[in-house]
Each structure stands twice: as C-alpha cells, then as structure tokens.
Q: 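Shown below is the structure under consideration.
Quick note: numbers below take in every heavy atom, side chains included, and nothing from hydrogens, waters or symmetry partners. As the structure lists them, so they are numbered: ligands from 1, and atoms in each ligand from 1. Quick note: residue numbers are just sequence positions, from 1.
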Amino acid sequence: MSTHDHDHDHQHADGEHHHHHERGPESYYAARTKALESLFREKGLIGTDTVDRVIHFFDHEMGPFNGARVVAKAWTDAAFKERLLEDANKAIKELGLREGIEGENLKVVENTPSTHNVVCCTLCSCWPWPLLGLPPYWFKDPVFRARVVREPRAVLKDFGVELETAKKVAIWDSSAQVRFFVIPERPEGTEHFSEEQLAALVSTEAMQGLGLVSQPQPGA
Ligand code: FE
C-alpha cells in the first residue's frame, strides 16, 4: 500500500542527510517520537504520564474493538440491528458505549449479498472515533480519498477485496455532520460463534467497507 512508499520516501530523504541508511522506518519514527515526547515534557507541555494515559485510552477504551462488538451484536440480534440502522447513536448506548466526541451523528449501513458499502471522507478524514479509535493512515491519504470515489473497485482490489461485478458498490462520504459505519457480511461457518468470537473476526477495514470478514479457519 502507499503507506509504505511514503514511509520509505521520508526515511530515504533523511538517510541521505545523515547517512543512516541502515535504520529502518520503525526505529526512525520511534526515535523521532521519543525526542518529541521528551521535548514536550521538558517544556512542561505534558506530564510524565500523559503519553501513557493516552495510549492506554486508545488501547482499552476507544478502539476498533468497540465497533467489532457492535457488528457482532448486530449479527446475532436482528432487533438490535434494526435499531442500529434506524438510530445508531441510540442503539450503541445499549451496549454501554459512549457516543464521544466526533461520533455524535453516526449512520450505520449494512453490506448485503447485492450491495457493498464503502466509506471515505473526500474533504478531509472524518472518522467514527468512538467505534474505531485512531484513524489509520490510508483513510487520510489524499490519493485514497480521490481514487475511492472515482474507481472504487480498483481501490478495493488494492485492499484485497474483489467483488462480483453484479454486486453494487455504494460510496458514503463521511463529514463533520455524519460519520458512516459498515456492518460487514457475516461469514458462513460462524453460526455457533459467540459474540466475542465473532467480534474477533472483524477488522477496522471491514467496518469501513475496505475489507471483508473472512471465514474462520477450520478448528479455529
Ligand atoms: Fe473529514
């Protein structure tokens, strides 16, 4: 994906200045991040535990595991799914999930055998934070945002999603007013799965229509 190309470009440009070609992008960003964190602490802009608290928050409270719970519940409870499609903000409160900032006007759409939904934000990078946590790089990529509306099937292919030509693709443009969320199709062979097992199958990409939920491996 283009994420990698970008990382590589940055690293290469830096490497030419400092002749640190052997450093991978990971150690480069880790070092930059550490330097920024130290500087912010030194200047008194953040406390010593600020970064730990923020990371803990996105690891345990606001992440794609929330969205995956919503999907698993919708797959196993048809009445909940109807309420979710009708009024998503009201329905997610039933699961004890907070609406949170940047999630006030959620709209849930459902993938079916005839329609595949894809979410983007052509203007910037509006994202349903309370359900998915930190937005991934690809969602903010200007190339992705321009291409996905022009040639969604080609973009989907880049993400490893190949749809039958008969299947309709619907594009939803998230904005500050409304943020979209996709219920992917439930894979076959999961009839006896618990909600927790189902949730574990659901990726961030699938909840924005850039991925499918694959069938679990036999014995998994
Ligand atoms: Fe946006």
Q: Given side chains that start at C-beta, do those of F180 and V178 come closer than 4.5 Å, heavy atoms only?
A: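 Yes, side chains in contact.
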Q: Working to the nearest 0.5 Å, report the span between CG of L36 and NZ of K34.
A: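 It comes to 12.5 Å.
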Q: Taking the Fe ion (ligand 1) as the center, what protein N, O or S atoms are found at less than 2.8 Å?
A: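 Near the Fe ion (ligand 1), below 2.8 Å, one finds C121 SG, C124 SG, S125 N, C126 N, C126 SG.
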Q: Can E195 and R69 be counted as an ion pair, charged N to O under 4.0 angstrom?
A: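 Result for this pair is no, no salt bridge flagged.
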Q: Before accepting this row, confirm whether a basic side-chain N of the pair R83/E94 lies closer than 4.0 Å to the acidic partner's carboxylate O.
A: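 E94 and R83: salt-bridged.
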Q: Cluster question for you: counting only ILVMFWY and a side-chain heavy-atom cut-off of under 4.5 Å, with indirect links fine, are F181 and F65 together?
A: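 No, no single cluster joins them.
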Q: Are the charged groups of E185 and K167 less than 4.0 angstrom apart, N to O?
A: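 Yes, charged N to carboxylate O under 4.0 Å.
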